[in-house]
**Q** 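The following block contains the structure, expressed as structure tokens.
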Amino acid sequence: MKTIVIIGTAWGDEGKGKITDFLAAKADVVARFQGGNNAGHTVIIDGKSYLFELLPSGVLHPKTVNLLTQGMVIDPQGLVKEIDKLENKNLKLYISNRAHVVMPYHRAIESANESKKGSDKLLTTKKGIGPTYSDKAKRIGLRMESFVGPNFKTELKKIIELKNSEARQLKIAEFDADKIYQEYQEYAKKLKKYVIDTSSYLNEVIKSGKKVLFEGAQGVMLCVENGTYPFVTSSSPTAAAVPLYAGIAPWFLDGAIGVAKAYTSREGAGPMPTLIDNPKIIEHFHQTKVEYEPRTKTYRRVGWFDSVIIKHAKRVSGLSHLAVTVLDVLSGLDEIKIATSYQLNGENIDFIPADIKTYQKVTANYLTLPGWKEDISKVRTFDELPLNAQNYLRKIEELSGLEIVVFSVGPQRDQTIVLKEIF
Ligand code: IMP
């Protein structure tokens, strides 16, 4: 395959950055196509940890060209900080002239709206992502083309008038157009050289036979179209969204690797049918620190592997293969469960109900498999895995109907084991 997309199969944090980084070594181009700096991708190389919120994981490979395409919402302040921090001073980056710009008023309005919500809070990342996508749909957004162009100041003034009427309604401080302009024109100056029509660029690259890796953020269950609405993000983190958000033909995409944790985790609010409530098992996960989220200083909720979700992700997103991450975290558990279907009002169902209140009511039907005690972090082939771990992976393949082409047993690059080369 020459063009492939990496998709999170559930609620994000599946370890996509690590799989992307691994595949990026073979890619000519790595492109992010949706979301913004609500995403956090950690990649660990030689013991050193790199956190990217906007830049594609390809920036760690000196020859790779990195793209931020038109479906993204880009915070210039965050992006400039990330670029300045990079050791790779020969950064090859292009930003779409159609991508929307996250501005300080987006963050302020989001915080004000969230704090008004009380117990209905979505627990968003408060990075202004939702309000920026809203402005795009309302057709009052600011695009990169305008941001780095000569009319930035005039456009900003017009938008700030609208935003100040929102600020008055929300009873928050009004925005000062001149102050924002002073700070943001500096970012515009720095970013201007990267801004191009990324759709035209991508089409040329793909036609010339180069390898392109699309890097999804979040996961299918956070998709605004197919996820647990309203507890979702504001874009579509699916393979189906790539052509629209990157400006390429659907038939230019050869495959989609779904990245699934060997269990399930969820940050933020919203239902999770396989949530684990046994304190001893929760403690097992907490001890590993894998689910600790430094940005929010909390542990993510954890649950058992949910094959209803994988089948949903496969159908609505399109997935051709599967990567299973953090298998090592399950080592030491006596038993491991996999949800095979749900129960709703006494009936078995194997789909995700559209209505959030109904989804909150479902319980999972489980298959229980024996665990393994061995530390598997040094395993480098499938055959070296304990038999119970092999059986666990085979069961996931059988239930999802997807072939596992990669699995990982730790955060380092060499702890990613490829079972089949597909890219
Ligand atoms: P937003 O994307 O900031 O609007 O947040 C909407 C929901 O998506 C919240 O529940 C967030 O916790 C969740 N979310 C957004 N980005 C990520 C991510 O990268 N990983 C996990 N959850 C995320």
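Owing to the predicted nature of the structure, the values given are computational and were not obtained by experimental measurement. One-based numbering along the sequence shown. Counting starts at 1 for both ligands and their atoms, in listed order.
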**Q** Under 6.0 Å from the six-membered ring centre of Phe382 and within 45° of its axis: does the NZ or CZ of Arg394 meet both?
**A** yes
**Q** Looking only at N/O atoms, are Thr124 and ligand 1 under 3.5 Å apart anywhere?
**A** no
**Q** Can you check whether Lys163 reaches Met103 side chain to side chain, under 4.5 Å on heavy atoms?
**A** no
**Q** For Thr125 and ligand 1, does the shortest N/O to N/O distance drop below 3.5 Å?
**A** yes
**Q** Between Tyr342 and Tyr359, does the ring centroid distance fall short of 6.0 Å?
**A** yes
**Q** Please list, in number order, the atoms of ligand 1 under 4.0 Å from a heavy atom of Ala39.
**A** 19 (O)
**Q** At a non-hydrogen distance cut-off of under 4.0 Å, which region of Trp11 contacts ligand 1 (side chain, backbone, both, or neither)?
**A** backbone
**Q** Taking distance alone, with N or O pairs closer than 3.5 Å, would you say Lys126 contacts ligand 1?
**A** no
**Q** At a 4.0 Å cut-off, with the gap strictly under it, does some heavy atom of Lys127 reach an atom of ligand 1?
**A** no
**Q** Is it the side chain (CB and beyond), the backbone, both or neither of Asn38 that lies under 4.0 Å from ligand 1, heavy atoms counted?
**A** both
**Q** Taking side-chain contact (heavy atoms from CB on, under 4.5 Å) as the criterion, tell me which of Phe231, Tyr229, Trp11 meets it with Leu222.
**A** Trp11
**Q** Out of Asp13, Thr228, Thr296, Thr233, whose heavy atom is nearest to atom 1 (P) of ligand 1?
**A** Thr233
**Q** Do the ring centers of Tyr194 and Tyr94 come within less than 6.0 Å of each other?
**A** no
**Q** Is the closest side-chain donor-acceptor distance between Thr238 and Ser236 under 3.5 Å?
**A** yes
